[in-house]
Amino acid sequence: MPAKIDMAKFAKFCKDTGFIFQSSEIYGGINGFWDYGPLGVELKKNIKDAWWTDMVRNPPPGPDGQEIRMVGLDCSIIMNPNVWVASGHVGGFSDPMVDCKESKKRYRADQLEVLVGTAGEKTLYFAFAANDEEGQKAAGKKAKKAGAKLSDKPVSLMSLTDLPSTLPNVVGPDVDEPGTLTEPRAFNLMFESHAGPIQTEENKVYLRPETAQGIFVNYRNVLNSTRLKLPFGIAQVGKAFRNEINPRNFTFRSREFEQMEIEFFCHPNESRKWYEYWRDLRRKWYSTLGIQSDNLRPREQGADELAHYSVGTTDIEYLFPFSDEPQELEGVAHRGDFDLKAHAAKSGKVDDLAYFDEELWNNDSQKLSTRSFKEWLKSNPPAEEIAKYKFVPHVIEPSAGADRFTLAVLTEAYHEDKVPDAKGNVEERIVMRFHPRLAPIKCAIFPLVNKDGMPELATKLYRELKPHFNVFYDDKGAVGRRYRRQDEIGTPFCITIDGDTAKDGTVTIRDRDTLQQKRIKVEDVKAEVLKAISPA
Ligand code: GAP
């Protein structure tokens, strides 16, 4: 289990070092929105680039050793609103929520728990946000004040029988008297806007709540323009927006975030094989980028949790240091033919959203009286015969959150430890143990002193390395202090140009984690760093 981190202290560290800032902070911020600073933007970009390289450009061979065919898309954020009607988001993308008439706060009803207490004849319920230890303590104090005797364990608000008649006895999380919470009602999480100058119902549009639907509605365009054959995948990285009722845990649940999604289209008979391929591949990917296996908890949904069309769904969960329970980083879902069929029904483009196995047809039709599929259909062949050639593919969807993974990488990397300084005295340091591939800055160049030709040699090396990866030049202060500054932002290598460099053409390279220093030739620095930051 990762060491618990004080999240307020951690958020301050992220701000001070330039990883993450509160959005529009000078105006008091805005709940659920975050900005990435100079280091954060590099870190998140490295994460998205690693995903694109490993999943789209160079995915490992498939279950039978075959090459995986993947292409990318970059769709608009605002789409025809019918997309969201067909996908079910207009009708069903909602959470149950309650308002507090007194505090004016809004809560997700399914994320509230209550302590149940009896005071004389009366049963009272003291509500708090699930997993909020302080909130639970406050609820307990209110119960004590009201003279209520508590039963053992908290229960979820939604599990209370006959909620409408029970609510008058519920004390909300931020008030002292019962009866201020409204009945739960559905709240659609999509942000709305209007396209064009007139704000009418007809002009209403939505900011996409996921990138996936852009892929489904472009399925035919991709097939026609690439002539891909099943199985193949379409990937997209981009912003998504959800008007979350309760944004929390730093960037974990935000209202604006980025997703990295794949829709992998395959023959229905092969969907289990591909589901297992993606589930295992995605789980492994996090470990190759430095997330300790112990902190990763892939959770396969039970048969009773699965959608009717699905043979499996796995949530890849991570034990964030702010929670006792693992939390979702990514969902790998078998979505069957649900989405393509939904868009076929809504758009009427049934043919466009199906797949025709031309190769199989060309092969088999040699034995038939006609080589034309359309002609053959006129002979009313049985449906299962037609489905051999023309069918709606099944889809496996690995859907990851770029911001969630960035937060996981930041918390996993964060370490406070003690190291000896130049004089052998032990001093405390914060070190970000990023995987070198993800580290925002790959190496720092230090001239030992600003004289004797050292700055010139250091600048020369800096300029040689800069086109290849992110390098930082630092000539301010003692070398020990410069090391600390780089440790704190997770730079894996520090290169020092000293008096010997001019004589023998060598530099010292210091490893952030082992603290070991070795001398290498100046012309070998690039290869040494590239080796560490290249995909495994
Ligand atoms: N297309 C499927 C889909 O969107 P999801 O489980 O709702 O599935 C996928 O979202 C991933 O997107 C999540 O596993 C998470 O990493 C990220 N995500 C979802 N809501 C988020 C939020 N409010 N803030 C940050 N990341 C979020």
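Order of listing sets the numbers, starting from 1, for every ligand and every atom in it.
Nearest protein heavy-atom contact of atom 25 (C) of ligand 1 is F252 O, 3.1 Å. Nearest protein heavy-atom neighbour of atom 12 (O) of ligand 1: Q259 NE2, 3.3 Å. F257 CE1, 3.5 Å is the protein heavy atom nearest to atom 18 (N) of ligand 1. Atom 14 (O) of ligand 1 has E328 OE2, 2.6 Å as its closest protein atom, hydrogens excluded (heavy atom only). With respect to atom 15 (C) of ligand 1, the closest heavy atom belonging to the protein is R404 NH1, 3.4 Å. Here the protein heavy atom with the shortest distance to atom 19 (C) of ligand 1 is R242 NH1, 3.5 Å.
Per-residue contacts place E330 under 4.0 angstrom from the following atoms of ligand 1 (heavy atoms of the residue considered): 14 (O). Atoms of ligand 1 lying under 4.0 Å from at least one heavy atom of S254, given by number and element, are 22 (C), 23 (N), 24 (N), 25 (C). Every atom of ligand 1 is numbered from 1 in the order shown, and the set under 4.0 Å from a heavy atom of E261 is 1 (N), 2 (C), 3 (C), 4 (O). For ligand 1, the atoms closer than 4.0 angstrom to any heavy atom of E210 are 1 (N), 2 (C), 3 (C), 4 (O). The E397 neighbourhood of ligand 1 comprises atoms 1 (N), 2 (C), with distances under 4.0 Å to a heavy atom of that residue. For ligand 1 and L329, the ligand atoms under 4.0 Å from any heavy atom of the residue are 14 (O), 15 (C), 16 (O). Near A212, with a cut-off below 4.0 Å to any heavy atom, the atoms of ligand 1 are 1 (N). For ligand 1, the atoms sitting less than 4.0 Å from at least one non-hydrogen atom of G401 are 16 (O), 17 (C), numbered in the order shown with element in parentheses.
For the residue pair D174/Y107, the side-chain donor-acceptor check at 3.5 Å is satisfied.
Note on ligand 1: D403 sits outside its first shell, no heavy atom being nearer than 4.0 Å.
For the pair R185 and F187, the cation does not sit on the ring face, since its NZ or CZ is not both under 6.0 Å from the ring centre and inside 45° of the axis.
Remark: side-chain polar atoms of R255 are paired, donor with acceptor, to backbone N or O of E244 under 3.5 angstrom. Using modelled atom types, one side-chain atom of D6 and one backbone atom of K9 make a donor-acceptor pair closer than 3.5 Å. Of the possible polar contacts, one joining the N188 side chain to the H89 backbone as a donor-acceptor pair under 3.5 Å is found. Looking only at distances, no side-chain donor or acceptor of R208 sits under 3.5 Å from a matching main-chain atom of G214.
Counting non-hydrogen atoms of other residues, nucleotides and ligands closer than 6.0 Å to CD of E133 gives a total of 12 or fewer.
By heavy-atom distance, the residue among S399, A400, A333, A408 lying nearest atom 8 (O) of ligand 1 is S399.
Close N/O approach between E244 and ligand 1 is found [any backbone or side-chain N/O within under 3.5 Å].
Classification of K390 and D351 as a salt-bridged pair holds, one side-chain N sitting under 4.0 Å from a carboxylate O.
Each of L223, V222, T226 was evaluated against I234; a single residue qualifies, V222, per the side-chain contact (heavy atoms from CB on, under 4.5 Å) test. The only option from E328, E317, E325 that meets the salt bridge (Lys or Arg N to Asp or Glu O under 4.0 Å) definition with R299 turns out to be E317.
Remark: F493 CZ to I441 CD1 distance equals 14.0 Å, nearest 0.5 Å.
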